[in-house]
Amino acid sequence: MRVLVSLFCGGLFGAGLVISGMTNTLRVQGFLDLFGMWDPTLMFVMGGAIVPMLFAWQIAARRKLSVLGGAFPVPHRTIIDKRLVVGSILFGMGWGLSGFCPGPAFASLSFSGASGLVFVVSMLIAMFATKPLSDRLFKQQ
Amino acid sequence: MEVAWMYGIIGGLMIGCAAGVYLLINGRIMGASGIAGSLVDGTAKSARVERIAFLLGLMGVPALASLFVAIPTTHVTSNLPLLIVAGIMVGFGTRLGSGCTSGHGVCGMSRFSVRSIVATCVYIGAGVLVIVAARRMGVL
């Protein structure tokens, strides 16, 4: 059942990304082009997505357990550390250069051609290498 | 152009509902980088199958839809070295920073997590700087 729910959520996420225009890299780069031809669509997408989640967190706060899973996730870390800031800077730069973040890169894999595949494979290799690499670069915090 | 923001809100609500169901029913954060990253680095453990199912849905529904309706193109660059560099930055950055647009931007900000709000401001800021710099230099 959890697997079916995951499949459904992944599918709804993918459909939402396509409908909202977030698989169009020009639209994403247009949002980041704050001082050029600014495209505010991404702001509406993020706003639209946050609304149901505000309710979801309210419901989660009144429950002990999720319907099929265990306890609700609690944040592992609460401090702003170097990993968070350096990681987010790198992510933002890659996001700006390509117009892709992980969700839309996966969602568009069937129609983004060789470019999309090259991006996703590079991203997965880097994800695989992150843990050993980051433990060396950043002392355990 | 006028309808873009409406599709944005509709698609955004769908993304938020997906994240809400994933949280309330499966008890998990719907973050694309966390789901994909934990599968490739082996930290997914017992949740491996449901995460694979999530990615199959994420890739499969747009693929199925493209058989019936015309899906707008991604307009992604064909500059492969640029895509490799960008892919590495996104992969390494999201894992190091523990989240991307879905995890920090949607799931984290909606619970008023300070880390997520900081992360979202930082990656949007970095993205803006890259685009501004690239436009100045005449690339992109």
Side-chain angles (χ1 to χ4, degrees), chain A residues 2-3 5-7 9-16 18-20 25-26 32-34 41 44-45 48-50 52-54 56-57 66-67 69 83-84 87-98 101-103 106-110 112 115 118-119 122-124 126-128 130-131 134, chain B residues 4-5 8-9 11-23 25-27 29 32-33 37 40-41 50 53-54 57-59 61-63 66 74-76 78 80 83-84 86-97 100-102 106 110-111 118-119 122-123 126-128 130-131:
Chain A
R2 288 176 63 93
V3 174
V5 173
S6 288
L7 187 70
C9 291
L12 186 60
F13 181 32
V18 171
I19 288 174
S20 63
T25 57
L26 292 185
L32 297 172
D33 195 8
L34 210 56
T41 309
F44 290 101
V45 180
I50 283 175
M53 276 307 281
L54 287 171
W57 283 118
S66 59
V67 177
R83 284 170 188 248
L84 183 83
S88 297
I89 290 173
L90 285 172
F91 164 45
M93 291 174 71
W95 187 41
L97 284 175
S98 61
C101 52
F106 280 112
S108 64
L109 210 49
S110 57
S112 56
S115 294
V118 165
F119 179 87
S122 311
M123 179 180 83
L124 289 175
M127 284 177 165
F128 171 76
T130 300
K131 206 177 169 346
S134 67
Chain B
W5 63 271
I9 291 180
L13 286 171
M14 290 167 72
I15 296 166
C17 288
V21 170
Y22 201 58
L23 175 71
I25 299 194
N26 279 14
I29 301 280
S33 59
V40 290
D41 72 10
E50 59 182 85
F54 182 91
L58 176 57
M59 296 183 285
V61 167
S66 66
T74 56
H75 295 287
V76 68
S78 51
L80 297 185
L83 284 163
I84 292 172
I88 290 172
M89 286 174 126
V90 170
F92 186 64
T94 53
R95 289 307 275 161
L96 189 65
C100 57
T101 338
S102 47
V106 176
S110 59
R111 86 183 325 183
V118 169
V122 170
Y123 64 68
V128 168
V130 161
I131 290 289

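Sequence lines set the chain letters: A, B, ... in the order given, protein chains first and strands last, and positions in each chain run from 1.
Ile89(A) touches chain B through backbone and side chain together, each having a heavy atom under 4.5 Å away. For chain A, the nearby parts of Ser33(B) are the backbone and the side chain; heavy atoms of each come within less than 4.5 Å. Within the 4.5 angstrom heavy-atom criterion, only side-chain atoms of Ile131(B), from C-beta onward, approach chain A. With a threshold of 4.5 angstrom between heavy atoms, Val106(B) approaches chain A through its backbone and through its side chain. Contact annotation for Val40(B): both backbone and side-chain heavy atoms come within less than 4.5 Å of a heavy atom of chain A.
The shortest non-hydrogen separation linking Ser112(A) to Thr74(B) is CB-CG2, 3.8 Å. The nearest pair of heavy atoms linking Leu84(A) to Ala119(B) is CD1-CB, 4.0 Å. Closest heavy-atom contact between Ser134(A) and Leu96(B): CB-CD1, 3.4 Å.
Top candidate by heavy-atom pairs under 4.5 Å with chain A, chosen from Pro62(B), Ala32(B), Ala19(B), is Pro62(B). Listed options Ser108(A), Ser110(A), Ser115(A), Gly103(A) were ranked by heavy-atom pairs under 4.5 angstrom with chain B; first place goes to Ser115(A). Looking only at heavy-atom pairs under 4.5 Å with chain B, the residue among Ser98(A), Ala15(A), Gly96(A), Ala107(A) that has the most is Ala107(A). Comparing Phe128(A), Trp57(A), Phe44(A) by heavy-atom pairs within less than 4.5 Å of chain B, the highest count is held by Trp57(A). In terms of heavy-atom pairs under 4.5 Å with chain B, the best-connected choice from Leu109(A), Val67(A), Leu34(A) is Val67(A). Note on Val128(B), Asn26(B), Val122(B): by heavy-atom pairs under 4.5 Å with chain A, the leading option is Asn26(B). Ranked by heavy-atom pairs under 4.5 Å with chain B, the list Asp33(A), Val18(A), Val118(A) is led by Asp33(A). For the set Ile29(B), Ile25(B), Val130(B), the entry with the most heavy-atom pairs within less than 4.5 Å of chain A is Ile25(B). The most heavy-atom pairs under 4.5 Å with chain B, out of Pro102(A), Gly14(A), Cys101(A), come from Pro102(A).
Side chains of Thr101(B) and Phe91(A) form a contact here, defined as non-hydrogen atoms less than 4.5 Å apart. The closest side-chain heavy-atom distance from Leu13(B) to Pro52(A) is below 4.5 Å.
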Audit row: Ser122(A), Leu83(B), side-chain contact (heavy atoms from CB on, under 4.5 Å) steps and yes/no
CA-CA 8 Å; Ser122(A) 311; Leu83(B) 284 163; over 6 Å; no
Should Asp41(B) and Thr130(A) be marked as a side-chain contact (heavy atoms from CB on, under 4.5 Å) after you check the CA-CA gap, both sets of side-chain angles, and the distance that decides it? CA-CA 8 Å; Asp41(B) 72 10; Thr130(A) 300; over 6 Å; no
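Atom SG of Cys9(A) sits about 12.5 Å away from atom CD1 of Ile15(B), to the nearest 0.5 Å.
At distances below 3.5 Å, not a single donor-acceptor pair connects side-chain atoms of Ser20(A) with backbone N or O atoms of Gly12(B).
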Please list every donor-acceptor pair under 3.5 Å in which a side-chain atom of residues 86-94 of chain B meets a protein atom from a residue at least two apart or in another chain.
unit_1	atom_1	unit_2	atom_2	d
Thr94(B)	OG1	Val90(B)	O	2.7
Thr94(B)	OG1	Gly91(B)	O	3.2

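Taking the six-membered ring where the residue is Trp, Trp95(A) and Tyr123(B) present perpendicular rings, their angle passing 60° and hence far from 30°.
Within a 6.0 Å radius of CE in Met93(A), other residues, nucleotides and ligands contribute 12 heavy atoms or fewer.
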